[in-house]
Protein chains: 2
Amino acid sequence: MPEDRLSTTLSALADPTRRAILARLALGEASVGELAEPFEMSLPAVSKHLKVLERAGLISRGREAQWRPCRLEAAPLKDVNNWLDGYRRFWEQKFDRLDAYLQELQRIDPDAGKN
Amino acid sequence: MPEDRLSTTLSALADPTRRAILARLALGEASVGELAEPFEMSLPAVSKHLKVLERAGLISRGREAQWRPCRLEAAPLKDVNNWLDGYRRFWEQKFDRLDAYLQELQRIDPDAGKN
DNA sequence: AGGTTATTTAACTGAAAGGTTTTTTAGAAT
DNA sequence: ATTCTAAAAAACCTTTCAGTTAAATAACCT
């Protein structure tokens with residue numbers, strides 16, 4: 001039971017259909033039918049995916065006649081980004097052989113390679 | 001069945017226990033027992049979480065006597081970050097009243113405000 | 001009113017997730 | 001050789017998830 005917001009957001013994102021829906025919404029608002037069109041699954045299935053996204057705060061829904069247009073809400077993505085930032089150094093730091101070697105040189109002689 | 005890498009990664013991250021494990025590993029290698037210690041759940045449960053993280057490529061395991069030290073592997077996090085980048089503009093763009101108003105002006109008269 | 005279109009709700013199903021306890025495996029140490 | 005410790009595997013249970021089809025809502029259009 002992922003009660004916490006971040007877990008809810010990440011598990012909403014952990015589905016290719018839902019990410020495809022977000023990608024579509026990045027292009028602009030769309031109705032449920034429009035969103036469902038590219039997929040082979042039934043409409044209720046898409047409707048459920050939308051509910052998951054909505055619960056996670058990743059989309060919001062308007063009301064226009066019989067359509068319920070969806071739009072992207074990026075706030076939770078920002079939260080994910082903020083969480084990820086805590087690990088950025090782990091992937092920006094390159095630890096392949098050459099880098100390790102250069103770092104070691106650097107450690108031994110901080111002036112190595114200058115000029 | 002999330003066959004794709006990104007889905008596997010995101011669903012591995014969508015659990016607070018697993019994120020806590022990663023946070024611990026960001027401080028350095030640790031054995032399964034050490035990783036399990038802060039949690040109330042059984043050891044096999046933690047072992048399963050580690051397997052999920054390993055399948056997602058988020059950790060790797062060594063072998064040292066009867067211990068199997070785990071260490072963080074950040075590559076999949078980088079992938080998540082890359083994916084997220086496609087949405088960055090949506091949360092960096094501020095959509096408060098003034099911005100919306102200025103955008104509306106822009107829409108009506110693209111030359112408004114120039115000079 | 002009656003019908004059409006868009007979407008949600010309900011009821012059901014099968015598979016996967018996350019936990020438990022018990023049993024194995026593997027290496028260390030006595 | 002036996003025993004201790006660290007970890008994994010097996011077997012099981014319960015809940016959640018992703019999908020289905022069929023029925024209900026809701027707003028529009030004659």
Side-chain angles (χ1 to χ4, degrees), chain A residues 1-25 28-72, chain B residues 1-22 24-25 28-72 76:
Chain A
M1 39 176 75
E3 205 65 39
D4 65 297
R5 283 188 52 70
L6 190 51
S7 295
T8 302
T9 301
L10 289 166
S11 89
L13 295 175
D15 181 289
T17 302
R18 289 193 289 261
R19 288 197 308 280
I21 288 172
L22 292 183
R24 165 63 188 79
L25 290 177
E29 289 197 358
S31 70
V32 177
E34 288 170 335
L35 290 172
E37 199 272 320
F39 303 104
E40 289 190 356
M41 70 188 71
S42 69
L43 217 96
V46 172
S47 190
K48 280 189 183 179
H49 281 302
L50 291 175
K51 187 156 12 183
V52 172
L53 290 170
E54 191 176 29
R55 276 201 57 237
L58 285 159
I59 65 172
S60 63
R61 302 206 235 191
R63 199 160 278 221
E64 222 176 285
Q66 66 257 225
W67 293 274
R68 247 135 288 183
C70 301
R71 66 175 167 292
L72 181 62
Chain B
M1 34 173 74
E3 205 65 37
D4 65 297
R5 283 188 53 70
L6 190 51
S7 296
T8 302
T9 302
L10 288 166
S11 88
L13 295 175
D15 181 290
T17 302
R18 289 192 290 260
R19 288 198 307 280
I21 288 171
L22 292 184
R24 165 64 187 80
L25 290 177
E29 288 196 358
S31 70
V32 177
E34 287 170 333
L35 290 171
E37 197 271 321
F39 303 105
E40 290 190 353
M41 69 188 73
S42 70
L43 217 97
V46 172
S47 190
K48 281 190 183 182
H49 280 301
L50 291 174
K51 186 156 10 182
V52 172
L53 290 169
E54 192 176 28
R55 274 201 58 237
L58 285 160
I59 66 171
S60 62
R61 303 204 235 192
R63 199 161 278 222
E64 222 176 286
Q66 65 258 227
W67 291 275
R68 249 136 287 187
C70 302
R71 65 176 168 291
L72 181 61

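Here is the naming used below: chain letters follow the sequence lines, and residue numbers restart at 1 for every chain.
- Nearest heavy-atom pair across B/Ala56 and B/Pro76 is O-CG, 3.4 Å.
- Residues B/Glu29 and B/Glu34 come closest through the heavy atom pair O-OE1, 4.5 Å.
- Distance, B/Lys51 NZ to C/dA16 P: 15 Å, rounded to whole Å.
- Atom NE2 of residue A/His49 and atom CG of residue A/Leu22 lie 11.5 Å apart, to the nearest 0.5 angstrom.
- Rounded to 10 degrees, the angle separating the terminal helix axes of the helix from C/dA1-D/dT30 to C/dT30-D/dA1, each built from five base pairs, is 10°.
- For the atom pair A/Arg19 CZ and B/Asp4 CG, the distance stands at 5.0 Å (nearest 0.5 Å).
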Could you go over nucleotides 12-15 of chain C and give all protein N or O partners under 3.5 Å, atom names and distances?
none

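- Between atom OG of residue B/Ser11 and atom CG of residue A/Leu13 there is a gap of 11.5 Å, rounded to the nearest 0.5 Å.
- Set against C/dT7, D/dA8, C/dT8, the side chain of A/Ser31 has C/dT7 as its closest nucleotide.
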Protein-nucleotides 24-30 of chain C N/O pairs under 3.5 Å:
none

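- Contacts between residues 34-47 of chain A and DNA chain C, counted as heavy-atom distances below 4.0 Å, involve A/Leu43, A/Pro44, A/Ser47.
- Considering only side-chain N and O atoms, B/His49 lies under 4.0 angstrom from the phosphate OP1 or OP2 of C/dG19.
- In this structure, OG1 in A/Thr9 is found 10.0 Å from CG in A/Leu53, a value given to the nearest 0.5 Å.
- Residue B/Leu10 contributes atom CG, which lies 17 Å from atom C1' of C/dA17 at whole-angstrom precision.
- Regarding B/Arg55, its CZ atom lies at a distance of 16 Å from the P atom of D/dA8, rounded to whole Å.
- Per the geometry, CD1 belonging to B/Ile21 stands 12 Å off P belonging to C/dG18, to the nearest Å.
- The nearest whole Å value for the distance from the CG atom in B/Leu50 to the P atom in C/dA17 is 16 Å.
- Side-chain N/O atoms of B/Arg61 include none lying less than 4.0 angstrom from OP1 or OP2 on D/dA7.
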Give every donor-acceptor pair under 3.5 Å between a side-chain atom in residues 58-68 of chain A and any protein atom, sequence neighbours left out.
residue, atom, partner, partner atom, Å
A/Ser60, OG, A/Glu73, OE2, 2.8
A/Arg61, NE, A/Glu54, OE1, 3.3
A/Arg61, NH2, A/Glu54, OE1, 3.1

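- Following rounding to the nearest Å, A/Leu53 (CG) and D/dA18 (C1') show an atom-to-atom distance of 13 Å.
- D/dG19 atom P lies 6 Å from atom CG of A/Asp15, rounded to whole Å.
- Heavy-atom minimum distance, B/Asp15 versus B/Thr17: OD1-N, 2.8 Å.
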Atom pairs and distances, donor-acceptor, side-chain atoms in residues 35-47 of chain A, under 3.5 Å, two or more places apart:
residue, atom, partner, partner atom, Å
A/Ser42, OG, A/Ala45, N, 3.4

